[in-house]
Amino acid sequence: MNRLLTYDNPILPGFYPDPSICRVEDDYYLVTSTFSYFPGVPIFHSRDLVHWEQIGNILDRSSQLPLDGAAVSQGIFAPTLRYHDGTFYMITTNVSSPLGNFIVTATDPAGPWSEPYPLGAEGIDPSLFFDDDGKCYYCGTKPRREGARYYGDNEIYIQELDLSEMKLVGESYPAWHGALRQVEWPEGPHIYKKDGWYYLLISEAGTAHHHAVSVARSKSLKEPFEGYRGNPILTHRHLGYDYPIVNVGHPDITQTQNGEWWMVLLASRPYGGYYRNLGRETFLVPFCWEDGWPVINPGKGIVESSVKSPALPLSLTPQVPAKEDFNADSLPLHMMYLRNPIRENYSLTQKQGFLSLRCGNDLISSTGNPSYVCIRQQHFSFRFETSFEFEPAGTNEQAGIAIVQNDSFNYQCLLGTNGSLPEITVIKTQEGAAEIICKTVLAGSDGSAGSDGSDGSDGSDGSDAFGGSLKMRLEADGQDLSFSYSTDGTSYQTAADKLDGRILSTDAAGGFVGNTVGIYATSNGMESQTFAAFDYIEYIGDSCHD
C-alpha cells in the first residue's frame, strides 16, 4: 500500500490544544479545545492519522456556546470525543457558563450536534468510558473530596452516567490522585480497557514545562487505581528549556485497525528563546505495551519532530488555501470570532465577494464581542495580508489587522482619520495598557506619506493617492513583527518595524491559548453604522524556519 515513510510533528500546528481522538472502523476523528473563540471544538477526520481535514465545528451555535464576558483563556476546556453504538459523544467544560460540564451528541460527526446536556458534575476535564456491558462512566477532575491541601490538589473520580437521562447516577468513586508526591493538577483523565485491566491515563504537574503523562490501572472502576512504578511514562521536563518540543502532555490514545497503538497529545514549540507564541499544538507519537504498561516511542521515550508513519494507507486531505476570497455564503471552518459574534456586524452579502465588518462598539482589548475574524498563527515566520475598502465617518472609527494573544497583549494596525486625512495607527497593548507606537497620515496626491500627524505634502487631502482602498500586511520574522501598507496595491510602506513578538507568548501573557491573526473594525465604544469591506485575507507561513 502507498503510505508516507515519515511524518512531521506537530500534525496540527498552531493553537490546537487538548486533543482527543476516536476511531470508527477505518476512520479517525479528532477534536481540540477552543477556550473563548467561536465556533467551538473543531472536529477533524483522517484515515492515516497524519493528514487531517476539518469537517465541522461541534459548537457552532451561541445556544451551545455562551461566551459573553469570558476571558480569552476561559470558555471551553479539554473536550473528549467518543463513539458508541451509532452515536458520537463530545463532553467538555464551559468554565465561563452555568453549563459547566456538558455533553452534545450527533450521528454524523460533521454535524449538526445537539443542544447541550448539562450534567451538574464537579470539576473540569470530563471524559467518557463505555464498558463491555454497555454502561457509560463519567471520569473527571475535581479538588480532593476530603479537602484540598493546596491549589491543584485534585482527585480523578469516576461515576456512572445514565445516557437515557443524561444524568450522573450512583456513587462517585475516587480513582487516583496522580503519580507524584505533592502532585499538582492531576487532570485530563481517560479510561481504556485492555486485557481485563482498566487503564487510567492522565496528565499532571500543570500544562507548562513540568507537564507529564502518567498511568494507573485497576481490575475495577470502583476501586482505587494502582500507579505504574515507571511513571511518568512521558515528559520533556528533563530535556531543558532549549529542547525544541516542550510541555508534552494531555494525551489520548487509539489502536489502528492493524493493531498499532498511537497517542495524540499537546506540546509547544518555543522560538526566540523560551517563548511559546503558537500556544499548545497537537502532536502524534507511537507506543507499545510491555508487561501490561505503555512504552512511549520505544527506544527513545520522547516526542520527535520526524517520526516513522503509521502503517496506514496514505490519505491526502484538502489543504486550507493560503488565500480566502470570501466568495462563499459562509466563512471557512477554520476561521473564528473572539467570543460570540454580533451577527449584524458581519456580512458576506453587503458587498459581493467581500466580508464586511461593522465598526463594533467593543475593543479587542476588552472582554466584549469585537468585530474580529481570525485564523490561528501556525508558523514562527509568516506573512498575513488583506485588502479592504473603508471610509470612516468619524475619528472614532478604525479598521485593519491585528495579532492577538489576549485582550491584554496584542498588536493592531488600523486605518482611521486625522481630521479629513486618512491615518494609519499602530497600537501595542501590553499588560492591558494600550500604547500608540506610531501614526502615519496618508497624504499628497503623489502618494507621499507623513508621520506623527504631519501630512508631508502640500496640504492636499490625499484622496487621489488613497481612494478608500488599502492593503495591509503583518510580517513575522521569528519574534520580529512589522506592519506595512500599500495605497496602490504594489509598493508597500513600513508603518512599524521590529516590534517585539515575545510579549505575545503565553510565557509573557499567561493563559492557555496561542496567537490569532485577523481583520478588525472598531468604533472605539461609540455607536456606528460604518462597515469596512475586506476583499480577502492571505496567510503564508515560512515552514523552513519552524
Side-chain angles (χ1 to χ4, degrees), residues 34 36-40 42 54 56-57 59-68 111-112 320-366 368-376 384-404 412-417 422 466-472 474 485 489 516-539:
T34 42
S36 287
Y37 283 92
F38 183 95
Q54 188 173 350
N57 289 288
L59 304 176
D60 61 2
R61 306 186 296 279
S62 292
S63 59
Q64 299 170 306
L65 184 55
L67 292 169
D68 285 349
V320 173
K323 190 173 185 180
E324 171 53 43
D325 290 318
F326 302 123
N327 288 318
D329 58 3
S330 61
L331 293 181
L333 293 172
H334 69 288
M335 296 187 70
M336 303 181 295
Y337 308 90
L338 186 51
R339 305 180 195 89
N340 302 103
I342 301 172
R343 293 297 182 183
E344 58 265 30
N345 286 356
Y346 305 88
S347 175
L348 286 164
T349 58
Q350 185 178 95
K351 185 176 178 63
Q352 193 63 38
F354 287 70
L355 173 59
S356 297
L357 272 61
R358 187 199 306 266
C359 294
N361 288 4
D362 292 332
L363 298 171
I364 278 179
S365 297
S366 75
N369 305 75
S371 294
Y372 177 60
V373 176
C374 60
I375 59 176
R376 295 161 175 85
F384 178 77
E385 179 180 289
T386 189
S387 176
F388 64 104
E389 299 175 4
F390 181 50
E391 296 186 15
T395 56
N396 60 295
E397 296 174 342
Q398 296 175 298
I401 59 179
I403 179 167
V404 176
Q412 306 161 39
C413 183
L414 305 176
L415 171 66
T417 58
F466 174 54
S469 180
L470 193 72
K471 284 188 175 183
M472 273 189 181
L474 165 62
Y485 62 92
T516 60
V517 291
I519 52 179
Y520 173 49
T522 180
S523 63
N524 287 285
M526 301 176 67
E527 292 299 320
S528 173
Q529 297 300 317
T530 302
F531 281 78
F534 292 85
D535 187 16
Y536 67 86
I537 62 169
E538 184 177 50
Y539 176 94

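Since the model is a prediction, treat every value here as computed from it, not as a measurement.
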> How long is the gap from CG on Asn327 to CG on Leu355, to the nearest 0.5 Å?
Replying inline: 11.5 Å
> How long is the gap from CD1 on Ile403 to CG on Leu474, to the nearest 0.5 Å?
Replying inline: 5.0 Å
>> Before you tell me yes or no, could you show the steps for Tyr37 and Leu338 under side-chain contact (heavy atoms from CB on, under 4.5 Å), namely the whole-Å CA-CA distance, both residues' side-chain angles and the distance that decides it to 0.1 Å?
In response: CA-CA 5 Å; Tyr37 283 92; Leu338 186 51; 3.8 Å; yes
>> Could you check whether any side-chain N or O of Asp325 sits under 3.5 Å from a backbone N or O of Tyr536, counting only pairs where one atom can act as donor and the other as acceptor?
In response: no
>> Could you report the tightest heavy-atom contact between Ala399 and Met472, atom names first, then the distance?
In response: O-CE, 4.2 Å
> Of all heavy-atom pairs between Phe390 and Leu415, which one has the smallest distance, and what is that distance?
Replying inline: CE2-O, 3.3 Å
> Would you find a donor on one side and an acceptor on the other, under 3.5 Å apart, between the side chain of Asn369 and the backbone of Arg339?
Replying inline: no
>> I need the minimum non-hydrogen distance between Gln64 and Asp60, along with the two atoms involved.
In response: OE1-N, 2.9 Å
> For Ile364, does its backbone N or O pair with a side-chain atom of Tyr520 as donor and acceptor, under 3.5 Å?
Replying inline: yes
> What do you reckon, is CD of Glu391 surrounded by more than 12 foreign heavy atoms closer than 6.0 Å?
Replying inline: no
>> So, using side chain to side chain contact (heavy atoms under 4.5 Å, CB included) as the criterion, who are the partners of Thr395 when residues are at least two apart?
In response: Thr417
> Which heavy atom in Asp362 sits nearest to a heavy atom in Thr522, and how many Å separate them?
Replying inline: O-OG1, 3.9 Å
> Going by the ring-ring contact (aromatic ring centres under 6.0 Å, His included) test, which pairs reach into residues 323-353, not counting sequence neighbours?
Replying inline: Tyr337-Tyr346
>> For Gln352, give me all partners under side chain to side chain contact (heavy atoms under 4.5 Å, CB included), at least two apart in sequence or on another chain.
In response: none
> Okay, side chain of Gln398, backbone of Leu414: is any donor-acceptor separation there less than 3.5 Å?
Replying inline: no
> Donor-acceptor pair, Asn340 side chain versus Pro66 backbone, under 3.5 Å?
Replying inline: no
>> To the nearest 0.5 Å, what is the distance between CG on Asn57 and CG on Leu65?
In response: 10.0 Å
>> So Leu363 and Asn524, do their side chains get closer than 4.5 Å, heavy atoms only?
In response: yes
> Excluding sequence neighbours, so at least two apart, what forms salt bridge (charged side-chain N to carboxylate O under 4.0 Å, His left out) with Glu389?
Replying inline: Lys351
> Checking Arg358 side chain against Ser371 main chain: does a donor-acceptor pair fall under 3.5 Å?
Replying inline: no
>> Could you tell me if the side chain of Tyr372 sits less than 4.5 Å from the side chain of Val404, heavy atoms only?
In response: yes
> Under a 4.5 Å cut-off applied to non-hydrogen side-chain atoms, are Ser523 and Asn361 in contact?
Replying inline: yes
>> Measuring from atom CD1 of Ile519 to atom CZ of Phe384, what distance do you get when rounded to the nearest 0.5 angstrom?
In response: 6.5 Å
>> Walk me through whether Val373 and Phe534 qualify under side-chain contact (heavy atoms from CB on, under 4.5 Å).
In response: CA-CA 11 Å; Val373 176; Phe534 292 85; over 6 Å; no
> At their closest point, which heavy atom of Ser528 faces which heavy atom of Glu397, and how far apart are they?
Replying inline: OG-OE2, 2.6 Å
> In Å and rounded to the nearest 0.5 Å, what is the CE to CD1 distance from Met336 to Ile375?
Replying inline: 9.0 Å
>> Applying salt bridge (charged side-chain N to carboxylate O under 4.0 Å, His left out), can you list everything that pairs with Glu324, at least two apart in sequence or on another chain?
In response: none
> What residue pairs, at least two apart or across chains, pass salt bridge (charged side-chain N to carboxylate O under 4.0 Å, His left out) with a residue in residues 518-539?
Replying inline: Arg383-Glu538
> Can you find a heavy atom in the side chain of Phe38 that is under 4.5 Å from one in the side chain of Leu67?
Replying inline: yes
>> Restricting to non-hydrogen atoms, name the atom on Pro42 and the atom on Thr34 that form the minimum distance, rounded to 0.1 Å.
In response: CD-CG2, 3.4 Å
